[in-house]
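Following: one structure in structure tokens, then a few remarks.
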There are 2 protein chains.
Amino acid sequence: MKPETDLSTLSLAILGLISQRPLTGYDLRKVFLTTPMGHFSSSPGAIYPALRRIEDAGWVRGRTGESKTRRERVVYEIAARGLAVLKQHLSRPVTRDDVIWRMDDLMMRFAFMDGIVGREMTVRFLEDFASQIDAHVADLQHYFDSAKSILPACGKLAMENGIQGYEMNAQWARRAIQELQ
Amino acid sequence: MKPETDLSTLSLAILGLISQRPLTGYDLRKVFLTTPMGHFSSSPGAIYPALRRIEDAGWVRGRTGESKTRRERVVYEIAARGLAVLKQHLSRPVTRDDVIWRMDDLMMRFAFMDGIVGREMTVRFLEDFASQIDAHVADLQHYFDSAKSILPACGKLAMENGIQGYEMNAQWARRAIQELQ
DNA sequence: GTCCGCATGTAAGGCGTTACATGATTAA
DNA sequence: TTAATCATGTAACGCCTTACATGCGGAC
């Protein structure tokens, strides 16, 4: 049985944004189109079904007809259960698999932490994040050392890029911890 | 009409690996499981259908029954059309959208360039890659400057992480150009 | 003689993509 | 009044995920 906190990345983004302030589907599309959150969908075919799903789950509530005009418009706001789910999702421990397969998710979980989980939990997240990355980098480095003699030039450079990316993330996390304290 | 070089990331990975040497589906699974190429599938439900698709497209050929035992085993090798498609795909110009939405693809395209496209094309790729990133970073920075006063602490830090990641990639590309020459 | 690794597959389900569709409002 | 923007949706499709299924061969 899957945990109730198992959100798709898009659902997490939507839930996180709505938790900050009530938004319509169109508002969400604009956010995804015009801000750096925007390596997301922004397509109606993704957003409206996702909104429907998290509404059916009871995580958000849609209110219709608050505008002066009769133009259809649904403003979604976070529900108590949605906030609980979000909190639980943001509080999940950082696993190795998260670092390898769901880096986007991790970054989004972090980005939404203000006001949802405490500063202590946020720092804890960053510490785990950094140490999981360290462990993964050690593995990658080990593989790299044993394989670099047979890797073609571009393959080698691509691997170096990957390792440097992870190292940058760990450094960033440690700087972020300093700044939060 | 979509160009014939519009490969899914997984298909690109498979085609690129098979272009280096003949492999079975199981070999591919092992690569995805045990090497840093492995933030891929590695699940039979992804690999075998993908292999079937690129075989049906005439990009690889499967040979059965070369082993001494009668255990079923299909070795795939690159076909002329597959090599052409791969070459064309790797030669595509680096667009802004690639940088924003398909960074994984870009890295994989680069990783497979040895022996497929010339060094000149490879360097050209890295130059375009770096300058597209520069342009994107300028945009992000612009957005960040205008939004940082209203962004919550974690949101701000997450954005900084994103920008730094792009900057790292541009620096890596420029170092890679030096190394290739 | 049983367990583990090799080796290939199928079925159901989820979810994002593209493309299409529809109608209201506002600015030129 | 015509185009652009607001605003919400549906339908077809592709492809990955998870889970299940199956059988051979070697090692202990």
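Throughout, protein chains are lettered first and strands after them, A, B, ... in sequence-line order, and every chain is numbered starting at 1. Note that the structure is predicted; figures quoted are calculated from it, not measured.
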Side chains of residues 23-30 of chain B: which donor-acceptor pairs under 3.5 Å do they make with residues two or more places apart or in other chains?
{"from": "B:T24", "atom 1": "OG1", "to": "B:Y26", "atom 2": "N", "distance (Å)": "3.3"}
{"from": "B:T24", "atom 1": "OG1", "to": "B:D27", "atom 2": "N", "distance (Å)": "3.0"}
{"from": "B:T24", "atom 1": "OG1", "to": "B:D27", "atom 2": "OD2", "distance (Å)": "3.2"}
{"from": "B:D27", "atom 1": "OD2", "to": "B:T24", "atom 2": "N", "distance (Å)": "2.9"}
{"from": "B:R29", "atom 1": "NE", "to": "B:S42", "atom 2": "O", "distance (Å)": "2.8"}

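Between B:W172 and B:F129, the ring planes are perpendicular. Angles over 60° get that label, and only those under 30° would be called parallel.
Each end of the helix from C:dG1-D:dC28 to C:dA28-D:dT1 yields a helix axis from five base pairs, and these two axes differ in direction by 20° (to the nearest 10 degrees).
The ring-ring contact (aromatic ring centres under 6.0 Å, His included) check on A:Y48 picks up nothing, with sequence neighbours excluded. Every residue two or more places apart in sequence or in another chain was checked for a ring-ring contact (aromatic ring centres under 6.0 Å, His included) with A:F144, and none qualifies. B:R53 pairs by the salt bridge (charged side-chain N to carboxylate O under 4.0 Å, His left out) definition with nothing, not counting sequence neighbours.
Nucleotide C:dG16 holds its P atom 11 Å from the CG atom of A:D105, rounded to whole Å. Protein atom CZ of B:F32 is 17 Å distant from nucleotide atom P of C:dA7, rounded to whole Å. A:I47 places its CD1 atom 14 Å from the C1' atom of D:dC6, with the value rounded to the nearest Å. The separation between B:L7 atom CG and D:dC16 atom P is 11 Å, rounded to whole Å. Rounded to whole angstrom, the span from the CG atom of B:L12 across to the P atom of D:dC15 amounts to 13 Å. When rounded to the nearest whole Å, the span between CG of B:L51 and P of C:dA7 equals 14 Å. Atoms CD1 (A:I54) and P (C:dG16) sit 11 Å apart, rounded to a whole Å. Spacing between atom CG of A:L33 and atom P of D:dA7 amounts to 14 Å, rounded to whole angstrom units.
Each salt bridge (charged side-chain N to carboxylate O under 4.0 Å, His left out) pair with one or both residues in residues 119-129 of chain A, not counting sequence neighbours, appears once here: A:R124-A:D128. The salt bridge (charged side-chain N to carboxylate O under 4.0 Å, His left out) analysis of residues 35-44 of chain A, with sequence neighbours excluded, yields no pairs. Applying the salt bridge (charged side-chain N to carboxylate O under 4.0 Å, His left out) test to pairs two or more places apart or on separate chains, those with a residue in residues 159-181 of chain A are A:D134-A:R174.
In the hydrophobic clustering, A:I150 connects to no other residue, as no ILVMFWY side-chain heavy atoms lie under 4.5 Å from its own. Hydrophobic side-chain contacts under 4.5 Å tie B:I100 into a cluster, directly or through other members, with B:W101.
Both A:F125 and A:M121 belong to a single network of hydrophobic side chains, linked directly or stepwise wherever heavy atoms of I, L, V, M, F, W or Y lie under 4.5 Å apart.
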For nucleotides 13-15 of chain C, print each protein N/O atom paired with a nucleotide N/O atom at under 3.5 Å, atom names and distance only.
none

Problem - Nucleic acid footprint by protein, nucleotides 8-13 of chain D - heavy-atom cut-off 4.0 Å, B for base, S for sugar-phosphate alone - result: BBB---
